[in-house]
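Contents: one structure, followed by commentary.
Each chain gets a letter, A, B and so on, in the order its sequence line appears, and its residues count up from 1. Here the structure is a predicted model, which means the values were calculated and not measured.
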Protein chains: 2
Amino acid sequence: MTTDRIVAAALDELDDSGLDALTMRRVATRLGVQLNTVYWHATGKPALLDLMADALLTGCDRPPLPPAWPDRLRVIATRLHDALLSRRDGARLLEVAHPDGPRWHSLIESLAGAATTAGLDRTGAATAARLVVHAVTGMVRDHGLGRTTVDDVRLTFALDVLVDGIAARVPASAAQRADDDLARRLRPPPPATRRPRGSGRPPPPARPATED
Amino acid sequence: MTTDRIVAAALDELDDSGLDALTMRRVATRLGVQLNTVYWHATGKPALLDLMADALLTGCDRPPLPPAWPDRLRVIATRLHDALLSRRDGARLLEVAHPDGPRWHSLIESLAGAATTAGLDRTGAATAARLVVHAVTGMVRDHGLGRTTVDDVRLTFALDVLVDGIAARVPASAAQRADDDLARRLRPPPPATRRPRGSGRPPPPARPATED
DNA sequence: ACCTGAACACCGTTCAAGT
DNA sequence: ACCTGAACACCGTTCAAGT
């Protein structure tokens, strides 16, 4: 028996029964094991919920991410959105848990990294990262049931507000610097072809960047 | 015995014991009443939590509100922030409940009203209102303990992001119209002395567009 | 170290009466 | 209508052993 197997069983039980009916005993039963085996690998129910929440966040910031910060932020947030919808009561789970595992920290750091690229300072970037998580989690919880087209519209709108809001909080000098950094990284030799910051709305991931 | 007295006792018990230790039996004991008296006035624990959450929201949008939408939004959000901090586990309570009472709807409508004044359409304003609630609730829960100066800085920053983000989502024509409405309402007779919208916080709402 | 068995001190909810 | 008393079917957690 491993902690991972217990967390996996707990997530399956969550899918079947929902958060309110999730019980240490039911997790044990599902594994054909005694109650205290669960307690041996997970310290208690709160700890198990934390492990479950962290597991839910797997891969939200997996590597091939767009270089432009608005796109990067949008991709990570959308993956978080999908992850929370992938299990029953996923958003409630994240709210009820105090995730402190590697996936949680990785997610927060990736979002804060995007905000830093935008030109925010350390504190602002940390706050912005939390803001994105709260917005996505709250929206998924509000909506309750399965993903609909309407939900996508609302997610897109919320991310637009956040991206534009972050961009507006960046001092012009910092934004300038961030642009220059990005331009330099994208095409090394040519000197000064600056483009408008933050790649506009409608949709597309928009930055081939890695192409050509 | 009234439902209100039970809700008040439940909130006091919340303050004393925290959300995890909040029990129907403890509420009954605190009132010197039998367990089923609580069940008579509140349908069950989830319903009681909903009533508690709604009661917590009292007065967040009480009437004298600034006419400029950024100020109005900031005042309401700050009051929500204070309300959630006024009771132990206030933010967790709001997350765990499905508030559906008059105060909840009033709060959402007031926030949506501010977003509408800004120039957003019905759907956008509803989403923006939810966004503000999620941001404030999440921040208070993250911070956990009592209000510090640091917390105020983070709240201000988050509201700046949201206000600027909302302003940026408004089509120029709608913003124009909102500005005209506000100017007309503030001083009836004179025709066209348009001023920068929003009397915004230290850093103004940033919208170029309205500037000639 | 890892797991079993049994128990403790609670829960939320409900049923059957009382007045 | 409003409240009491008693019970049911669970909980999370822990203790004492086993191997």
Side-chain angles (χ1 to χ4, degrees), chain A residues 1-56 87-89 92-101 144, chain B residues 1-56 87-89 92-101 144:
Chain A
M1 187 55 49
T2 59
T3 302
D4 283 347
R5 278 197 61 200
I6 288 179
V7 171
L11 286 170
D12 289 344
E13 185 61 31
L14 180 71
D15 255 341
D16 287 352
S17 313
L19 187 60
D20 295 326
L22 185 72
T23 278
M24 297 298 269
R25 281 170 222 262
R26 287 174 85 121
V27 174
T29 302
R30 174 177 279 265
L31 285 164
V33 99
Q34 214 62 21
L35 172 58
N36 287 25
T37 303
V38 177
Y39 273 90
W40 176 258
H41 289 97
T43 317
K45 195 181 183 184
L48 180 56
L49 291 171
D50 295 349
L51 292 173
M52 291 167 68
D54 199 63
L56 201 61
R87 298 274 186 177
R88 169 134 72 132
D89 288 337
R92 286 180 64 201
L93 172 63
L94 186 58
E95 285 180 342
V96 100
H98 295 262
D100 194 39
Chain B
M1 188 56 48
T2 59
T3 303
D4 285 346
R5 278 196 62 201
I6 288 178
V7 171
L11 284 171
D12 290 343
E13 185 61 29
L14 180 71
D15 254 341
D16 288 352
S17 313
L19 188 61
D20 294 328
L22 184 73
T23 277
M24 299 297 269
R25 282 169 222 264
R26 288 175 86 121
V27 174
T29 302
R30 173 177 279 264
L31 286 164
V33 99
Q34 215 61 22
L35 172 59
N36 286 26
T37 303
V38 177
Y39 272 91
W40 177 257
H41 289 96
T43 317
K45 195 181 184 184
L48 180 55
L49 291 171
D50 295 349
L51 292 174
M52 292 168 66
D54 198 64
L56 199 64
R87 299 274 186 177
R88 168 132 76 127
D89 288 337
R92 284 179 65 202
L93 172 63
L94 185 59
E95 286 181 341
V96 100
H98 295 265
D100 194 38

Discussion item. Any heavy-atom pair between the side chains of A:Leu19 and A:Leu14 that's under 4.5 Å?
Written reply: yes

Discussion item. Taking any heavy-atom pair under 4.0 Å as a contact, classify B:Leu31: base, sugar-phosphate, or nothing.
Written reply: nothing

Worksheet item: What's the CG-P distance between B:Leu35 and C:dT13, to the nearest Å?
Response: 10 Å

Item to complete: Provide, to the nearest angstrom, the distance between the CD atom belonging to B:Glu13 and the C1' atom belonging to C:dG12.
Response: 16 Å

Worksheet item: Among D:dC3, D:dT13, D:dA6, which is the nearest nucleotide to the side chain of A:Arg25?
Response: D:dT13

Discussion item. Less than 4.5 Å apart, side chain to side chain, heavy atoms only: is that true for B:Asp20 and B:Arg92?
Written reply: yes

Worksheet item: Thinking salt bridges, do A:Asp16 and A:Arg26 make one under a 4.0 Å N-O criterion?
Response: no

Worksheet item: Where along residues 41-50 of chain B does a heavy atom come under 4.0 Å from DNA chain D, residue by residue in number order?
Response: B:His41

Worksheet item: Can you tell me if the side-chain N/O atoms of B:Thr37 get under 4.0 Å from OP1 or OP2 in D:dT4?
Response: yes

Discussion item. Salt bridge or not between B:Asp15 and B:Arg87? Use side-chain N to carboxylate O under 4.0 Å.
Written reply: yes

Worksheet item: How far, in whole Å, is C:dC3 from D:dA16 if one measures between their C1' atoms?
Response: 13 Å

Worksheet item: When rounded to the nearest Å, what value does the distance between P atoms of D:dC2 and C:dA17 take?
Response: 22 Å

Discussion item. Side chains of B:Leu93 and B:Leu11, heavy atoms from C-beta outward: is any pair under 4.5 Å?
Written reply: yes

Worksheet entry | Length of the line joining B:Gln34:CD and C:dG18:P, which is rounded to integer Å | 16 Å

Practice prompt. Calculate, to the nearest 0.5 Å, the distance between atoms CG and OG1 belonging to B:Leu51 and B:Thr3 respectively.
Written response: 7.0 Å

Discussion item. Taking the side chain as everything from C-beta on, heavy atoms only, tell me whether A:Val96 gets closer than 4.5 Å to A:Leu49.
Written reply: yes

Worksheet entry | Which nucleotide in D:dG5, D:dT13, D:dT14 has an atom nearest any side-chain atom of A:Asn36 | D:dT14

Practice prompt. Write down the distance between CH2 (B:Trp40) and P (D:dG5), rounded to a whole number of angstrom.
Written response: 17 Å

Discussion item. What is the distance, to the nearest angstrom, from the CE atom on A:Met1 to the C1' atom on C:dC2?
Written reply: 11 Å

Worksheet entry | Length of the CE-P vector between B:Met24 and D:dA7, whole Å | 21 Å

Fill in: Rounded interatomic separation in angstrom, taking CG from B:Leu22 and C1' from D:dC11
16 Å

Fill in: Residue matched to C:dA7 through Watson-Crick or wobble contacts both under 3.5 angstrom
D:dT13

Discussion item. Using whole Å, what does the distance between atom P of nucleotide C:dC11 and atom CZ of B:Arg26 come to?
Written reply: 7 Å

